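These numbers were taken from a predicted model, which means no experiment stands behind them. Each chain gets a letter, A, B and so on, in the order the sequences are listed, and its residues count up from 1.
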There are 2 protein chains.
Amino acid sequence: MTCMGLHVRRASRIMTQRYDAAFRSVGLAPTQFTLLVAIHLLEPAAITQLAQELFTDQTTITRNIKLLEQRGLVAINPGDDRRIKLASLTVEGQAVLEQALPLWEQVQTEVKQHFGEEKWQTLLSLLAEVKTLS
Amino acid sequence: MTCMGLHVRRASRIMTQRYDAAFRSVGLAPTQFTLLVAIHLLEPAAITQLAQELFTDQTTITRNIKLLEQRGLVAINPGDDRRIKLASLTVEGQAVLEQALPLWEQVQTEVKQHFGEEKWQTLLSLLAEVKTLS
DNA sequence: TCATATAACATGTATATACATTTTATATGG
DNA sequence: CCATATAAAATGTATATACATGTTATATGA
């Protein structure tokens with residue numbers, strides 16, 4: 001059964017477990033790592049902006065960011081427009097991100113070696129192209 | 001940021017939404033459709049067997065199958081080894097699956113056309129190769 | 001045969017995810 | 001200026017997911 005939906009979900013689960021194992025020592029889930037990076041890049045980042053960048057529902061960002069806030073990794077401040085919530089990394093958030101980055105590089109390298117440079121690039125670009133479906 | 005983890009998770013979310021929309025009229029989530037198909041193919045299918053086939057944790061199968069059982073789409077019977085639970089489709093499960101199949105074909109066709117035959121095949125085979133990571 | 005190991009499944013707990021809807025603040029038209 | 005539309009975020013609800021652990025039934029070795 002060559003169902004694209006199944007294939008991509010399955011690959012996502014397997015890959016996620018791989019990254020999850022890598023980040024375990026810093027207590028970050030892969031999604032949380034991604035969110036920290038995104039906040040770092042867009043700082044100060046509005047919820048909606050993060051949702052657009054990550055192709056995730058706004059309500060998902062609201063909930064995921066709350067966990068990071070509760071853990072003290074992210075600070076939330078109101079924007080000039082007080083409907084907007086702006087997220088930025090706390091000092092501790094920056095520290096955790098810096099701890100996580102080499103772990104991320106490690107997995108990336110391992111997975112890249114597993115596939116080989118060419119397949120790695122092909123897979124990345126095809127996955128990126130999935131965005132054009134939405 | 002060319003993070004493979006992010007790319008595959010994002011593609012998974014987008015693709016899942018696409019299939020989800022397709023199945024909405026029969027009230028199936030993509031995962032549920034996949035599980036119905038797997039049960040149909042392996043019938044009668046043990047929980048652990050389904051987990052292995054789908055590369056999913058056993059506890060996830062236990063929970064997902066329970067929803068299908070409650071809805072009357074799947075029947076669970078003990079095996080000769082009474083630790084084992086065997087799942088099979090009910091008449092209603094078969095009916096729903098038959099309703100869902102053309103919807104599935106439809107999405108498959110649309111997505112395949114979007115990518116083109118060649119990229120579609122490449123993506124499928126690269127995603128399948130992700131299994132070798134685990 | 002009985003104690004113990006192991007296999008199959010279930011439960012507790014936690015995160016991720018999205019749709020439908022609600023709340024609150026800003027924008028806009030009359 | 002006020003009524004209404006719209007934008008941003010939060011809440012209610014439901015599924016999917018996995019790890020750690022518990023429960024129960026079978027297998028195995030002394």
Side-chain angles (χ1 to χ4, degrees), chain A residues 5-6 8-21 23-24 27-36 38 44-52 54-71 73 76-87 134, chain B residues 5-6 8-21 23-24 27-36 38 44-52 54-71 73 76-87 134:
Chain A
L6 171 58
V8 69
R9 281 185 288 114
R10 185 163 51 193
S12 174
R13 286 198 307 272
I14 293 169
M15 199 71 83
T16 297
Q17 280 179 271
R18 186 85 176 206
Y19 282 78
D20 190 54
F23 292 134
R24 198 152 302 156
L28 285 181
T31 305
Q32 296 175 334
F33 171 77
T34 300
L35 192 46
L36 284 183
I47 306 269
T48 296
Q49 192 183 5
L50 289 166
Q52 283 168 354
L54 299 174
F55 283 74
T56 304
D57 195 87
Q58 165 262 312
T59 65
T60 300
I61 300 291
T62 292
R63 275 154 171 148
N64 291 354
I65 222 170
K66 187 164 291 178
L67 293 174
L68 297 176
E69 190 191 7
Q70 286 169 351
R71 214 174 121 188
L73 305 184
I76 309 285
N77 294 294
D80 289 341
D81 180 336
R82 283 176 314 175
R83 289 173 297 183
I84 294 180
K85 285 191 163 183
L86 295 171
S134 66
Chain B
L6 172 58
V8 69
R9 280 186 290 113
R10 185 163 53 194
S12 174
R13 287 197 307 272
I14 293 169
M15 199 71 83
T16 296
Q17 279 179 271
R18 188 83 176 207
Y19 281 80
D20 191 55
F23 292 133
R24 198 153 302 156
L28 285 181
T31 304
Q32 297 175 334
F33 171 76
T34 299
L35 192 46
L36 284 184
I47 306 270
T48 298
Q49 191 184 5
L50 290 166
Q52 283 169 353
L54 300 173
F55 281 77
T56 306
D57 196 86
Q58 166 261 311
T59 64
T60 300
I61 300 291
T62 292
R63 273 152 173 149
N64 291 355
I65 223 171
K66 188 164 293 177
L67 292 174
L68 297 177
E69 191 191 6
Q70 287 169 351
R71 215 175 119 189
L73 306 184
I76 309 285
N77 294 293
D80 289 340
D81 179 337
R82 283 176 314 175
R83 290 173 298 183
I84 294 180
K85 285 189 163 184
L86 295 172
S134 63

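- The shortest distance between side-chain heavy atoms of A/L36 and A/Q32 does not fall below 4.5 Å.
- When heavy atoms are screened at a 4.0 angstrom cut-off, B/L67 is found touching the sugar-phosphate backbone but no base atom.
- Dashed line: the shortest gap from a side-chain N or O of A/K66 to OP1 or OP2 of D/dT11 is under 4.0 Å.
- Looking at the side chain of A/T56, the nearest of the listed nucleotides D/dA9, C/dA18, D/dT17 is C/dA18.
- Nucleic acid contact for B/T48: sugar-phosphate only, since backbone atoms but no base atoms lie under 4.0 Å from a heavy atom of the residue.
- Proximity of B/K85 to the phosphate of C/dA10: a side-chain N or O atom is located under 4.0 Å from OP1 or OP2.
- Direction change of the helix axis from one end of the helix from C/dT1-D/dA30 to C/dG30-D/dC1 to the other is 0°, with five pairs defining each end axis (rounded to 10°).
- In this structure, A/I61 places its CD1 atom 16 Å from P of C/dT15, rounding to the nearest Å.
- The base of C/dC9 lies outside donor-acceptor range of the side chain of B/T59, with no N or O pair under 3.5 Å.
- Considering only the side chain of B/I84, C/dA8 comes nearest among C/dA8, C/dA18, C/dT15.
- In terms of position on DNA chain C, the residue among B/R24 and A/Q32 whose nearest nucleotide sits closer to the 5' end is A/Q32.
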Give me the distances for all protein-to-nucleotides 25-29 of chain C N/O pairs that come in under 3.5 Å?
unit_1	atom_1	unit_2	atom_2	d
C/dT26	OP1	A/R82	N	3.0
C/dT26	OP2	A/R82	NH2	3.2

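- Counting to the nearest Å, the P atom of D/dA16 and the CD atom of B/Q17 are 15 Å from each other.
- Within 4.0 Å (heavy atoms only), A/R63 reaches at least one base atom of the nucleic acid.
- Between B/T62 and C/dA10 there is a side-chain polar atom (N or O) within less than 4.0 angstrom of OP1 or OP2.
- Checking the phosphate oxygens (OP1, OP2) of C/dT15, no side-chain nitrogen or oxygen of A/N64 falls inside 4.0 Å.
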